[in-house]
Engineer: 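What follows is a single structure, and I will ask about it in a moment.
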Amino acid sequence: MSTRARRAPAKKALPHPDLREVPVSLVLRALGEPLRLGIVRSLARTGHPMNCSSFGLSVSKSTSTYHFKVLRESGVISQYEEGTSRYSELRDTELEQRFPGLLTAILTATEPPPR
C-alpha cells in the first residue's frame with residue numbers, strides 16, 4: 001500500500017470569452033434554443049457547478065457537447081475539467097453586470113401556451 005497521499009485532480013478551465021466583447025445578440029441566440037435554455041435554468045436553480053452528464057439531456061453526447069460549447073462561447077457559462085469530468089457554471093454575476101436584468105428576465109419568462 002502506498003504511503004503517498006492522493007492528490008485531487010487539478011481543475012483545468014476551458015476558454016471562454018471576456019463578456020465585455022460579447023454582443024447581446026450572441027447571448028440571445030444561445031438562450032433562444034430550448035435545450036440550451038433548459039441547461040441554463042438548471043444551473044440557475046442549483047446555483048453551483050454541475051457535471052455535464054448530470055443534466056439528463058435526451059440528446060447524443062456529441063449534440064450535448066455542441067450545446068455546451070455554444071453556451072460557453074457566448075459567455076453564458078464557464079466550464080472546467082476535473083479528472084475525466086467536465087463541469088459547467090452559470091456566469092450570472094458577470095452577465096448581470098454586462099446586461100443588467102437580461103438573464104433574470106429570460107429565466108423568469110413563461111412560455112406561451114401551445115396553440
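All residue numbers refer to positions in the sequence shown, counting from 1.
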Engineer: Could you tell me whether the side chain of E89 and the main chain of M50 form a donor-acceptor pair under 3.5 Å?
Structural biologist: no

Engineer: Just how far is it from atom CG of L107 to atom CZ of R45, taken to the nearest 0.5 Å?
Structural biologist: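 Here the rounded value is 9.5 Å.
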
Engineer: Taking all non-hydrogen atoms of both residues into account, name the closest pair between L37 and L31 and its distance.
Structural biologist: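 Nearest heavy atoms, L37 then L31: CB-O, 3.7 Å.
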
Engineer: Check which hydrophobic residues are tied to Y66 through side-chain heavy-atom contacts below 4.5 Å, counting indirect links as well, and list them.
Structural biologist: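 For the cluster that includes Y66, the remaining residues are V70.
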
Engineer: Please tell me whether S60 and T63 have a donor and an acceptor in their side chains that are separated by less than 3.5 angstrom.
Structural biologist: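 Result is yes, a qualifying pair exists.
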
Engineer: Look at the side chain of T65 and the backbone N and O of K61, then say whether any donor-acceptor pair between them is shorter than 3.5 Å.
Structural biologist: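 Side chain of T65 to backbone of K61: a pair is present.
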
Engineer: Supply the atom-to-atom distance S64 OG to F55 CZ, rounded to the nearest 0.5 angstrom.
Structural biologist: 10.0 Å

Engineer: Do R36 and H67 have a side chain donor and acceptor closer than 3.5 Å?
Structural biologist: yes

Engineer: Quick check: is L14 connected to I77 through a chain of hydrophobic side chains (ILVMFWY, heavy atoms under 4.5 Å apart)?
Structural biologist: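 No, no single cluster joins them.
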
Engineer: What's the spacing between R91 CZ and R98 CZ if we round to 0.5 Å?
Structural biologist: 11.0 Å

Engineer: Quick one: which residue pairs count as a ring-ring contact (aromatic ring centres under 6.0 Å, His included) with a foot in residues 79-111, not counting sequence neighbours?
Structural biologist: Y80-Y87

Engineer: Counting distance only, does the side-chain N/O of S74 pair as donor-acceptor with the main-chain N or O of L71 below 3.5 Å?
Structural biologist: yes

Engineer: Show the atom names and distances, to 0.1 Å, of all donor-acceptor pairs under 3.5 Å that link a side chain in residues 18-30 to residues at least two apart or in another chain.
Structural biologist:
from, atom 1, to, atom 2, distance (Å)
D18, OD1, R20, N, 2.9
D18, OD1, R20, NE, 3.1
D18, OD2, R20, NE, 3.1
D18, OD2, R20, NH2, 2.5

Engineer: Rounded to the nearest 0.5 Å, what's the gap from CZ on R41 to OG1 on T46? Could you check?
Structural biologist: 14.5 Å

Engineer: Would you give the length of the straight line joining atom CD of E82 to atom NZ of K11, rounded to the nearest 0.5 angstrom?
Structural biologist: 5.5 Å

